[in-house]
Protein chains: 2
Amino acid sequence: MEKYKLLIVEDDANLGQVLREYLELKGYETVLCADGDIGSKTFHSDVFDLCILDIMMPKKDGFTLAREIRVSDKQIPIVFLTAKSMKEDTIEGFRLGADDFLTKPFSMEELLLRLKAILRRTVGNEKIKSGETEFQFGNFHFESTKQILRCGGEEIKLTTKENELLRLLSLNMGQMLDRSTALKKIWHDDSYFNARSMDVYITKLRKHLKRDKNIQILTVHGHGFKLVKMD
Amino acid sequence: MEKYKLLIVEDDANLGQVLREYLELKGYETVLCADGDIGSKTFHSDVFDLCILDIMMPKKDGFTLAREIRVSDKQIPIVFLTAKSMKEDTIEGFRLGADDFLTKPFSMEELLLRLKAILRRTVGNEKIKSGETEFQFGNFHFESTKQILRCGGEEIKLTTKENELLRLLSLNMGQMLDRSTALKKIWHDDSYFNARSMDVYITKLRKHLKRDKNIQILTVHGHGFKLVKMD
DNA sequence: GTTGCCTTTTAACCAATTTTAACCGAGAAT
DNA sequence: ATTCTCGGTTAAAATTGGTTAAAAGGCAAC
């Protein structure tokens, strides 16, 4: 699955670099901007899942930037970084739709945990709702809300796990679906036994997909699976 | 619009009372429990939108309680209150799916802002439409106040439990209705025997809904049921 | 109160889904 | 080539859900 993409706007080059390296190490895609002006420009020319904004910055402070962001995006989660815990700041920040507030110095670990808690409630859930529930590939028509895979006149009822796994594969059609990502999204835990369980379901899906030999699930050894059209 | 309902579990009677009064003043419905045992019992016999749990408590600490809660509800937001910012605690808490973490002493205002930020993102908010009493799906017209399900010219009288269950399913049309939520709302207790009773009623409803084969109750294994149009 | 009817719960049994386990084969690394 | 890890397949065990029928509970008419 795709990585979450984070916009980091922080004028302290040192902290910015640390944030960036740590979060990339943890599997996020990041873009670091050194001030609010660049941050604003970057936000409007790319798509992000979450913004981390320092409040005190030269040229354009974090709140002003947040206001600009909110004009074009009312939804995107925003996390503010602040030097000292100023009460008015906090209040103003939450009024702007902030999702969290970290007072420097904070631990990278805590930041990471808070980001996860926020993202868990946003992107993943929206994608389920966002209409990407029907897929067409080869002779198949797959309706994930109804848990049905149609092929020609045939109607195959999918079990819950079959359905979820095929949905993830379909969302990433042609791209690789990472084992670990799938496990975390469907089994909520990347462990040995769940991994073996997933392999069983890959086998089951392959059996269903035999109905059109142009559609296959390829193995990317050591990394994951890929649903492809073979034409 | 209905109020958000908060479960507060806090052994310090003083703080508990303050929390309670402040949050009720701010428009929330609250239930205050003095220890983890009572908290657990309360959670399993009522439906809440968010839990505020103190970590250090006699009888049953906040983490143990959170683990119990997570068994039957993977979604509900949990906010922990902690005396001192202990790093390991924080990590364990977030692992349990915590949404936030407040270190005592905190300001009521900050708590409120953080609660709002979390509730803004919670999905499955059927509160907005919970006043609805009439539903139309497929050939059916369902009047929950009259406990009548019409199909074509036919008029099916529903029993109380049939009616309540179909109403919950209808409110969540197309979305999953969590087993545990349904049990708590209709049977007021999420227990083994009530769960079996609910299965019996799912069977009864499926029998009624056979009159239009486009309307079905799908099973989401291990989680709940989903009323869907199959067009 | 007792009777009869209707609703709900309990129980027993059966069916489906998911997990665990065992075994085998393909690929990578040495 | 040999060893080791990783993935594939199949079957069994475990868990969870579905159906049916009988028991229990509730309520109104008598």
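Here is how names work: the chains are called A, B, and so on, in the same order as the sequence lines, proteins then strands, and each is numbered from 1.
The CE-P distance, from A:Met198 to C:dT20, rounds to 15 Å in whole Å. Remark: P of C:dC6 and CG of B:Leu158 are 16 Å apart, rounded to the nearest angstrom. One can place CG of B:Asp199 at 16 Å from P of C:dA15, the figure rounded to the nearest angstrom. Between the CG atom of B:Asp189 and the C1' atom of C:dT9 there is a distance of 14 Å, given to the nearest Å. Separating the CG atom of B:Asn194 from the P atom of C:dT10 is a distance of 7 Å, rounded to the nearest angstrom. If you take CG of A:Leu205 and P of C:dT17, they are 14 Å apart, rounded to a whole angstrom. Rounded to a whole Å, the CD1 atom of A:Ile186 is 11 Å from the P atom of C:dT18. The interatomic distance linking A:Lys161 (NZ) with C:dT18 (P) rounds to 6 Å, in whole Å.
Residue A:Trp187 places its side chain closer to C:dT19 than to any other of C:dT17, C:dA12, C:dT19. Of the candidates C:dT19, C:dT9, C:dA11, C:dT9 carries the atom nearest the B:Tyr201 side chain, counting heavy atoms from C-beta on. Picking from C:dT17, C:dT20, C:dT10 the nucleotide with the shortest atom distance to the side chain of A:Thr159 gives C:dT17.
With salt bridges taken as basic N to acidic carboxylate O contacts below 4.0 Å, one links B:Glu143 and B:Arg150.
Within 4.0 Å of A:Phe225, counting heavy atoms only, lie sugar-phosphate atoms of the nucleic acid but no base atom. Backbone-only contact: B:Arg206 has heavy atoms under 4.0 Å from sugar-phosphate atoms and none from a base. If you check every strand for non-hydrogen atoms under 4.0 Å, A:Lys204 touches a base.
Note that B:Lys5 lies in the cation-pi zone of B:Phe48, set by a 6.0 Å cut-off to the ring centre and a 45° limit from the axis. The side-chain tip of A:Lys116 does not point at the ring of A:Tyr4 from less than 6.0 angstrom away and within 45° of straight on. By the 6.0 Å and 45° rule, B:Lys26 does not stack over the aromatic ring of B:Tyr28.
In this structure B:Cys33 satisfies the side-chain contact (heavy atoms from CB on, under 4.5 Å) test together with B:Leu7, B:Val9, B:Val31, B:Ile38, B:Thr42, sequence neighbours excluded. A:His223 meets the side-chain hydrogen bond (donor to acceptor under 3.5 Å, both in side chains) test with no other residue; sequence neighbours excluded.
Aromatic ring centres of B:Phe135 and B:Phe140 lie farther apart than the 6.0 Å criterion allows.
For DNA chain D, the contact window with chain B, defined by any atom under 4.0 Å from a protein heavy atom, covers D:dT16 to D:dT20 in 5' to 3' order.
Nearest-nucleotide positions on DNA chain D place A:Gly224 closer to the 5' end than the other of A:Gly224 and A:Lys207. Position along DNA chain C of the nearest nucleotide to B:Ser197 versus A:Lys157 favours B:Ser197 as the more 5'-ward residue.
Remark: B:Thr160 is in phosphate contact with C:dT8, judged by side-chain N or O atoms under 4.0 Å from OP1 or OP2.
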